[in-house]
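Input: a single structure, listed below in structure tokens.
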Protein chains: 2
Amino acid sequence: MDKTRASIVSVAREAGVSLQTVSNVLNFPERVKPETTKKVLAAIEKLNYTPNLSARRLRSKKSSSIAVRVDSNAPVGKGSDGLYSGYIQDEFVYELVRASEIRGIKVFTYTCDPGENEVDKLTKLINSRDVDGFLLTSTVEADPRLKYLIDRNVPFLSFGRPWGSSAEFASSYPWVDVDGASGTRDATKMFWKLGHRTIGFLGWRTTNPSSTKPKSVADDRLLGWSQTYAELRDSKAKKSPRDYCELGDETIASARASAARLLSRHPDIDAIVCASDTLALGAQMEIASLKKNIPVSGFDNSPTSKVFNFSSLDQNISEIASLALKVLMGDEGNSIRKIDSSKQIAEPNLIIPPRLVVR
Amino acid sequence: MDKTRASIVSVAREAGVSLQTVSNVLNFPERVKPETTKKVLAAIEKLNYTPNLSARRLRSKKSSSIAVRVDSNAPVGKGSDGLYSGYIQDEFVYELVRASEIRGIKVFTYTCDPGENEVDKLTKLINSRDVDGFLLTSTVEADPRLKYLIDRNVPFLSFGRPWGSSAEFASSYPWVDVDGASGTRDATKMFWKLGHRTIGFLGWRTTNPSSTKPKSVADDRLLGWSQTYAELRDSKAKKSPRDYCELGDETIASARASAARLLSRHPDIDAIVCASDTLALGAQMEIASLKKNIPVSGFDNSPTSKVFNFSSLDQNISEIASLALKVLMGDEGNSIRKIDSSKQIAEPNLIIPPRLVVR
DNA sequence: CTGAAAGCGCTTACAG
DNA sequence: CTGAAAGCGCTTACAG
């Protein structure tokens, strides 16, 4: 098989044209006359030719590849339960690979365990010329990867906003994110429409719970509920919405405790919006043990939300992945574009509202 | 940065040696005198040189890369609950990438949705010279990927046995797998040691439940329990072990129903070994709703087993991943070895017993 | 629109 | 153990 593998030379010979006519057909089809193209394509077909991508990369100095980190979900030493923590991450990798295949680019994977130096790994990948760009997740202002890549003009995109950083910093690099507030707003509205009037919230601890400018995912998801609930309900008759929420850790145990507190403080609560599927599951378990019948909603639309049959918010990972590539590569084409710092991407386009899945 | 990137030429000049001395230092260090090596390494360090891997691949005709498929865990149209189905798969990808980094090889990812032709995708990857081999999961005898790769002498390894195929077929290609029977045996023994004497089993439906030659994962995990339990207990006084098990689907609902049936038939059951964490969770839920206190054990040691605090079996994915690479690449070195059909790998070495995690 | 030449950065023969 | 040459299979200038 190796001996008979077609090269661009054999294709050219077969088609009776020169090397670079074949190359043009592959890379700049518009430069070639239709009939010539036809002959070349026939030869390619006949010889079952596929370009040698190493040769292409070497010559063109483009790898047409990106790298993404894969993480372990092993349940060791995690702050959260980790029950579903890997779900979105893994789904993102899948959707990214899928979107990349459509764009004709390859996805390299690498790992980086806590304690390892990720910048070293990035350096190796860049220097070996294997990748043109990166897809990062959970970048923060102090993130050394950010500084490293920006300094070197290496294209990259982050899935996740730099929460709590200045607007200037946030607009200094490209990112896409999920609109958490929009999600919890939709869940709150759904419960309201269904006739629920006392809608509680279970979230994560936050440092500035009263702000209207969210500085974390926790703030963001809290805000969507609190604003919406305040708007919807009779504003005079009741206490502040803030009294109808409990904030804690991303664990079943914490969620159960929070739900118990919330329901003992407000026995009239008839629906609970939760910041995650883990919290929703914990709340559901507590509600069941109290022999109550109160619907909950989660976030992520993980398999768990389906199994335990509660409404949840689908992050549209597929859309986010193709948007990520659009930012990295432009609307079409198959090369990672060089960074053009003069051209800023309009921020609002990069925050994708999740889709409520009602169960 | 691009302009100043070091090449092998600049390193050679810096070190005052020829090109291929540098190349030798990198690829055949034993051919080079220590002091020459030292000079070259100093130059590499000084110029921060990393070989251009596309050039290396083109010339050496080795990609030093493998491909692995990444799948979606999205909870749509799956037979099983999918609650944890993706966990092992994703963990395997992570451990494979990690083990590959140690071996100096890269991992490409690709996707293949139901209805797509995976062989076409393999062909593209091979023809473009981007990969030397593949890591497949869940191969069966009729698997077209198997025939395709074997026919073309493309190195690959499967994570998972070809259940139910002939011994001849099973030994016609390399695979590694988990010893399911050993796992459920260990769980059964643990419960026995803790004083439990009536140990039930929850598994998946199987076509030949009475065979001692397992033909599926379902058989395998069932067998470990039934044999062990038969050995341990008083063989005369009681019914056949088979009466102490229930087989069903990989769903919470099915597990709850199975557990209910099992416990109503044998109220004296004081522990239940389960074929998966999903089944164990279902059993645990049913037991709780019956206000009983019966421990369960699962399989996979998924985050769920930790959260719901039941014992489970860790598949040692990390070990399996490095074993996979050992099969593909030999004990050491960093190239995927060509297939040598004359040399058969000793099968028993390829079945790894899982590790019981007691909770 | 098509063609002959150069060259991307390595490794692999082959000499010494 | 080290060196000068060839060449992997493409794409990219540059001519026509």
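Quick note: numbers below take in every heavy atom, side chains included, and nothing from hydrogens, waters or symmetry partners. So that the names make sense, note that chain A is the first sequence line, chain B the second, and so on, each numbered from 1.
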Quick one: B/Asn27 CG to C/dA13 P, roughly how many Å, whole number?
13 Å
Gap between atoms CG and C1', on A/Leu19 and C/dG7 respectively (whole Å):
14 Å
Phosphate-side-chain proximity, B/Ser18 and D/dA4, N/O vs OP1/OP2 below 4.0 Å
no
Counting side-chain heavy atoms from CB outward, which of C/dT12, D/dT12, C/dG3 is closest to A/Val17?
C/dG3
Would you call the rings of A/Tyr173 and A/Phe156 parallel, tilted or perpendicular, taking 30° and 60° as the class edges?
parallel
Closest nucleotide of DNA chain D for A/Tyr49 versus for B/Pro34: which of these residues is on the 5' side?
B/Pro34
Tell me: CD of B/Gln20 to C1' of D/dC1, nearest whole Å?
12 Å
Contact nearer the 5' end of DNA chain C, comparing B/Leu53 with A/Asn24:
A/Asn24
Residue that, paired with A/Val32, satisfies side-chain contact (heavy atoms from CB on, under 4.5 Å) out of A/Val22, A/Val17, A/Asn24:
A/Asn24
Looking at the side chain of A/Ala55, which of D/dG9, C/dG9, C/dT12 is the nearest nucleotide?
D/dG9
With heavy atoms under 4.0 Å as the rule, sort A/Glu35 into base, sugar-phosphate or nothing.
nothing
Minimum heavy-atom distance between B/Arg98 and A/Cys112, given as atom pair plus value:
NH1-N, 4.4 Å
Minimum-distance pair of heavy atoms, taken over all atoms of B/Leu135 and B/Ala324
CD2-CB, 4.1 Å
Give a yes/no on whether any side-chain N or O of B/Lys61 is located under 4.0 angstrom from OP1 or OP2 of D/dG9.
yes
Looking only at the side chains, is there a donor atom on one of B/Tyr148 and B/Glu118 sitting less than 3.5 Å from an acceptor on the other?
no
Taking only side-chain nitrogens and oxygens of B/Ser23, does any of them come within less than 4.0 Å of OP1 or OP2 of C/dT11?
yes
Nucleotide D/dA13, atom C1' - distance to CZ of A/Phe28 in whole Å
11 Å
Nearest-angstrom distance from the residue atom CG of B/Leu47 to C1' of C/dG9
15 Å
Figure out the CD1/P separation between B/Ile8 and C/dC8, and round it to whole Å.
14 Å
Which atoms form the tightest heavy-atom contact between A/Thr139 and A/Ser158, and what is the distance?
OG1-OG, 2.7 Å
Return the nearest nucleotide to the side chain of B/Lys33; candidates are C/dC10, D/dC8, D/dT2.
D/dT2
Nearest to the B/Leu58 side chain among C/dT11, D/dG9, D/dT11, which nucleotide is it?
D/dG9
Would you say D/dC10 has OP1 or OP2 under 4.0 Å from some side-chain N or O of A/Asn52?
no
B/Thr21 vs D/dG3: side-chain N/O to OP1/OP2 distance below 4.0 Å:
yes
Residue-phosphate contact under 4.0 Å: A/Arg59 side-chain N/O, D/dT12 OP1/OP2
no
So what's C/dA15 paired with, Watson-Crick or G-U wobble, going by both distances under 3.5 Å?
D/dT2
Pick base, sugar-phosphate or nothing for A/Thr36, based on heavy-atom distances below 4.0 Å to the nucleic acid.
sugar-phosphate
So, OP1 or OP2 of C/dC1: does either fall under 4.0 Å of a side-chain N or O from A/Arg31?
no
Separation of C/dG3 atom P from A/Arg13 atom CZ, nearest Å, is 15 Å
Once you round it to whole Å, what is the distance between C1' of C/dC1 and CD of A/Glu30?
12 Å
